[in-house]
2 protein chains.
Amino acid sequence: MNRGLSILDFIFKLLAIVGTLGSSIAMATTNETLPFVTRFVRFRAEYDDFPMFTYFVVANSIVCAYLVLSLPPSIFHILRSTAQGSRVLLIFSDTAMLVLLTAGASAAASIVYLAHKGNTKANWLSICQQFNSFCERISGSLIGSFGGVAMFIVLIPLSAVALSQR
Amino acid sequence: MNRGLSILDFIFKLLAIVGTLGSSIAMATTNETLPFVTRFVRFRAEYDDFPMFTYFVVANSIVCAYLVLSLPPSIFHILRSTAQGSRVLLIFSDTAMLVLLTAGASAAASIVYLAHKGNTKANWLSICQQFNSFCERISGSLIGSFGGVAMFIVLIPLSAVALSQR
């Protein structure tokens, strides 16, 4: 029973690694230069024009690195399924990483929403009418990150179930 | 040992209830009408001009209600410190609520940041120069919510430690 849970844990971690890595690469390589130029301005949007997108990339990279580093403990749990202390430690760090990832993903999501819809009351115009492919790219890069959040929501209770079984 | 952990758990939950309740009330009662009027427009900012703030209020209210409902199980854990199944269930729901609260808090925080700083690249102007007290209020109301997130980060590992001790 506990070994099965540990193997599931390992698989979910691999999926979360793919999701966060993909999100952070997709966001970090996003930019768009519009094909017209005025005398003084070249219209260009880059992901790091918005500090929330920079934070998104940083958060996803940190969580991805953490997940890679936590694969050896996961393998250890598959081999020694009665380990307790290391599981508690993993729940602790998983919870912290879940918060980091969720904060990055939802901060970026709220800016993506603004970019699409704008806000008439604050007089913030939608920039997606001009920067079309930029907007598609930043919207898409959220998916992997929210997938990673979903994996964590499963991972933490899985560890708890493994702890309760002895 | 386990009883001590359960009492700590109870105290942290009470603190998180105060934080989320305060945040949601502070945000939901925020509005400002500027003291000048043009022929057609009365300048007025309300929290629900921004969907992220509405989400913030909803998320904080849900988490606050959940925390109140989870107080009886906490008391049960203080009395019967060897309970296992109910602790696993609480870790599961706590994790879900942590994600909800973090998402609400950081989505609102990124809009608060934009309201203060604006974004020159997207041509979004800072609205805090006009709506001064509105901005102070929405900034302050984030505090309780992030405090609640911090409580959850402690709560979940506490339950895990209690599970590992038998």
Side-chain angles (χ1 to χ4, degrees), chain A residues 43-46 48-52 55 84-85 87-96 98-111 113-115 117-127 130-131 146 149-150 152-166, chain B residues 43-46 48-52 55 84-85 87-96 98-111 113-115 117-127 130-131 146 149-150 152-166:
Chain A
F43 291 100
R44 184 175 165 80
E46 253 173 313
D48 59 1
D49 293 342
F50 298 89
M52 295 80 175
Y55 175 60
Q84 297 275 324
R87 274 188 212 276
V88 173
L89 207 68
L90 271 187
I91 288 186
F92 195 90
S93 48
D94 279 358
T95 309
L98 170 62
V99 168
L100 181 65
L101 190 63
T102 312
S106 66
S110 68
I111 301 303
Y113 179 89
L114 269 187
K117 301 264 179 180
N119 188 300
T120 48
K121 287 296 187 75
N123 212 10
W124 294 339
L125 295 174
S126 157
I127 58 165
Q130 292 98 56
F131 295 101
F146 278 106
V149 169
F152 269 110
I153 294 180
V154 179
L155 272 177
I156 294 174
L158 268 190
S159 299
V161 171
L163 267 180
S164 72
Q165 308 262 327
R166 239 197 288 190
Chain B
F43 292 99
R44 184 176 166 80
E46 250 172 318
D48 59 2
D49 293 341
F50 298 89
M52 296 78 174
Y55 175 59
Q84 296 276 321
R87 274 187 213 278
V88 172
L89 206 69
L90 270 188
I91 288 186
F92 196 90
S93 48
D94 278 357
T95 309
L98 170 62
V99 168
L100 181 65
L101 189 62
T102 313
S106 66
S110 68
I111 302 304
Y113 180 89
L114 270 186
K117 301 262 180 181
N119 189 299
T120 48
K121 287 295 185 78
N123 213 8
W124 293 339
L125 295 174
S126 157
I127 57 165
Q130 291 98 55
F131 294 100
F146 278 106
V149 169
F152 269 110
I153 295 180
V154 179
L155 272 177
I156 293 173
L158 268 190
S159 299
V161 172
L163 267 180
S164 72
Q165 308 260 330
R166 240 195 287 187

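Quick note on labels: first sequence line is chain A, next is B, and so on, each numbered from 1.
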Practice prompt. With the side chain counted from C-beta on, respond yes when Phe50(B) and Trp124(A) share a heavy-atom pair under 4.5 Å apart, and no when they do not.
Written response: yes
Worksheet item: Would you call Ile91(B) and Ile156(A) a side-chain contact if the rule is heavy atoms closer than 4.5 Å?
Response: yes
Practice prompt. With a 4.5 Å cut-off on heavy-atom pairs, point out which of Val161(A), Thr102(A), Thr120(A) contacts chain B the most.
Written response: Thr102(A)
Item to complete: Considering only heavy atoms and a distance below 4.5 Å, find which of Ser159(A), Ala96(A), Ala103(A), Gly118(A) pairs most often with chain B.
Response: Ala103(A)
Discussion item. Are more than 12 heavy atoms, taken from residues, nucleotides or ligands other than Phe146(A), located less than 6.0 Å from that residue's CZ atom?
Written reply: yes
Discussion item. Under the side chain to side chain contact (heavy atoms under 4.5 Å, CB included) test against Ser110(A), which residue among Pro51(B), Ser106(B), Ser110(B) passes?
Written reply: Ser110(B)
Among [options], which residue forms the greatest number of heavy-atom pairs with chain A at distances under 4.5 Å?
| options | value |
| --- | --- |
| Ile127(B), Leu89(B), Val99(B), Val88(B) | Val99(B) |
| Leu125(B), Leu158(B), Val154(B) | Leu125(B) |
| Phe131(B), Phe152(B), Tyr113(B) | Tyr113(B) |
| Lys117(B), Lys121(B), Gln130(B) | Lys121(B) |

Worksheet, complete the sentence: So, the part of Ile153(B) with a heavy atom under 4.5 Å from chain A: the answer is both
Interchain contact, [X] with chain B, by part (heavy-atom threshold 4.5 Å):
| X | value |
| --- | --- |
| Val149(A) | side chain |
| Asn119(A) | side chain |
| Ala109(A) | neither |

Practice prompt. Output, in order, the C-alpha distance, side-chain angles, deciding distance and verdict of side chain to side chain contact (heavy atoms under 4.5 Å, CB included) for Met52(B) and Leu114(A).
Written response: CA-CA 10 Å; Met52(B) 296 78 174; Leu114(A) 269 187; 4.2 Å; yes
Worksheet item: Which heavy-atom pair separates Leu163(B) from Ser164(A) by the least distance, and what is that distance?
Response: CD2-CB, 3.9 Å
